[in-house]
Amino acid sequence: MKNILKDLWLPGAIAALMAVLMLLPELSARLELCPGRSPLYTWLTCHLVHYTWKHFLYDTVVFLALGMVVIRQYGMKWFAGLCIGSGLVIALVLPFAAPQFTVYRGISGIDTALVAAAALVLLGDKSLFWRIAAGITLAGIVAKFGYETFVGNGVFVAEESFAPAGAAHLTGLACGIGMFVLYHFAARRKNHSANHHESADDLK
């Protein structure tokens, strides 16, 4: 139980903040991203506000579940880095990749980054089941992007009040892949440095 609470405190705090913002529509409107017109802080705050309670609930459940998985796989610092990094990249890319969106809200792009990062770790699992599940998950993200882009409806949250931002989800996928590569590069560099120091000690 202590380990679960330790892994969930940051995702839980973010989820609680998003819930509070759902009760403050005027403040949420000031935190949403309006490309080309919003202050720079909305590049991050836009991911904390949502259009409807259904939108909020789905995004939050995925965020909590995958947040805990990523924290256990990579650590709290890498989780926080992925959330901040993917949030900024999505806000930067969206006006160019999907200029039709004049307003953007939701943490689903960051959710996608978390899903991708977690699935990539499972691709190297000893269990064939988890490797297949991870492959299907990654392929599903791409298929979901295609459906949402060309059909115009959300796969899991289909509402008339807003359209799904497939470009944000695809960008999230790219960010998740990017963090996976950076994490393993850093780990190999750390191991190489440790081995180098051990060799130097052996020569003394």
Side-chain angles (χ1 to χ4, degrees), residues 1-19 33 40-50 56 58-94 97 104 106-127 130-142 144-145 165 167-197:
M1 184 67 180
K2 288 183 178 179
N3 288 335
I4 294 177
L5 293 176
K6 181 181 178 182
D7 294 337
L8 270 180
W9 77 264
L10 182 54
I14 294 171
L17 176 58
M18 293 192 298
L33 176 67
L40 288 178
Y41 64 78
T42 61
W43 285 27
L44 285 176
T45 59
C46 66
H47 304 287
L48 302 174
V49 295
H50 294 77
F56 160 78
Y58 173 78
D59 277 9
T60 302
V61 168
V62 175
F63 181 75
L64 288 172
L66 271 298
M68 186 170 65
V69 171
V70 167
I71 288 170
R72 290 187 173 184
Q73 291 174 330
Y74 296 85
M76 187 68 75
K77 290 182 180 179
W78 284 90
F79 164 76
L82 180 58
C83 289
I84 295 172
S86 61
L88 291 173
V89 172
I90 289 168
L92 178 64
V93 169
L94 194 65
Y104 179 76
I107 206 167
S108 59
I110 295 175
D111 283 350
T112 307
L114 295 172
V115 172
L120 285 167
V121 171
L122 293 178
L123 279 178
D125 196 272
K126 295 180 180 179
S127 169
W130 287 115
R131 293 202 302 271
I132 293 175
I136 292 173
T137 298
L138 292 170
I141 293 174
V142 177
K144 180 175 178 289
F145 162 75
H169 302 153
L170 193 64
T171 304
L173 170 63
C175 290
I177 294 172
M179 191 190 79
F180 175 81
V181 172
L182 285 174
Y183 177 83
H184 285 277
F185 175 78
R188 288 181 181 179
R189 188 171 182 179
K190 183 178 180 180
N191 291 335
H192 176 75
S193 178
N195 292 334
H196 177 74
H197 287 304

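For the single chain, residues carry numbers from 1 onward in sequence order. Heavy-atom basis, side chains included; hydrogens, waters and symmetry copies ignored.
- Note: F79 and F63 have tilted aromatic rings, judged against thresholds of 30 and 60 degrees for the angle between ring planes.
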Candidate pair H50 and I107, rule side chain to side chain contact (heavy atoms under 4.5 Å, CB included), full reasoning:
CA-CA 8 Å; H50 294 77; I107 206 167; 3.9 Å; yes
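- For the atom pair CD1 of I141 and CD1 of I136, the computed distance is 12.5 Å after rounding to the nearest 0.5 Å.
- For Y104 against G109, the heavy-atom pair with the smallest separation is OH-N, 3.9 Å.
- Residue pairs meeting the salt bridge (charged side-chain N to carboxylate O under 4.0 Å, His left out) criterion with at least one partner in residues 60-73, sequence neighbours excluded, are D7-R72.
- When all heavy atoms are compared, the tightest approach of A116 to L138 is CA-CD2, 4.0 Å.
- Annotation for A80 and L10: closest pair CB-CD2, 4.2 Å, computed over non-hydrogen atoms.
- Expressed to the nearest 0.5 Å, how far CH2 of W9 lies from CD1 of I14 amounts to 8.5 Å.
- Taking the side chain as every heavy atom from C-beta outward, L122 and S127 never approach each other to under 4.5 Å.
- The closest side-chain heavy-atom distance from H47 to L33 is not below 4.5 Å.
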For the pair V121 and Y74, evaluate side chain to side chain contact (heavy atoms under 4.5 Å, CB included) and give the outcome as yes or no after the intermediate values.
CA-CA 9 Å; V121 171; Y74 296 85; 3.2 Å; yes
Please list every donor-acceptor pair under 3.5 Å in which a side-chain atom of residues 167-182 meets a protein atom from a residue at least two apart or in another chain.
residue	atom	partner	partner atom	Å
H169	ND1	K144	NZ	3.2
H169	ND1	E148	OE1	2.9
H169	NE2	S108	OG	2.8
T171	OG1	A167	O	2.7

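- Taking every heavy atom of both residues into account, L123 and R131 meet most closely at O-CD, 3.1 Å.
- The two residues I110 and S86 have their closest heavy-atom pair at CG1-OG, 3.6 Å.
- Closest heavy-atom contact between L66 and A118: CD1-CB, 3.8 Å.
- From W43, atom CH2 reaches atom CD1 of I84 across 15.0 Å, with rounding to the nearest 0.5 Å.
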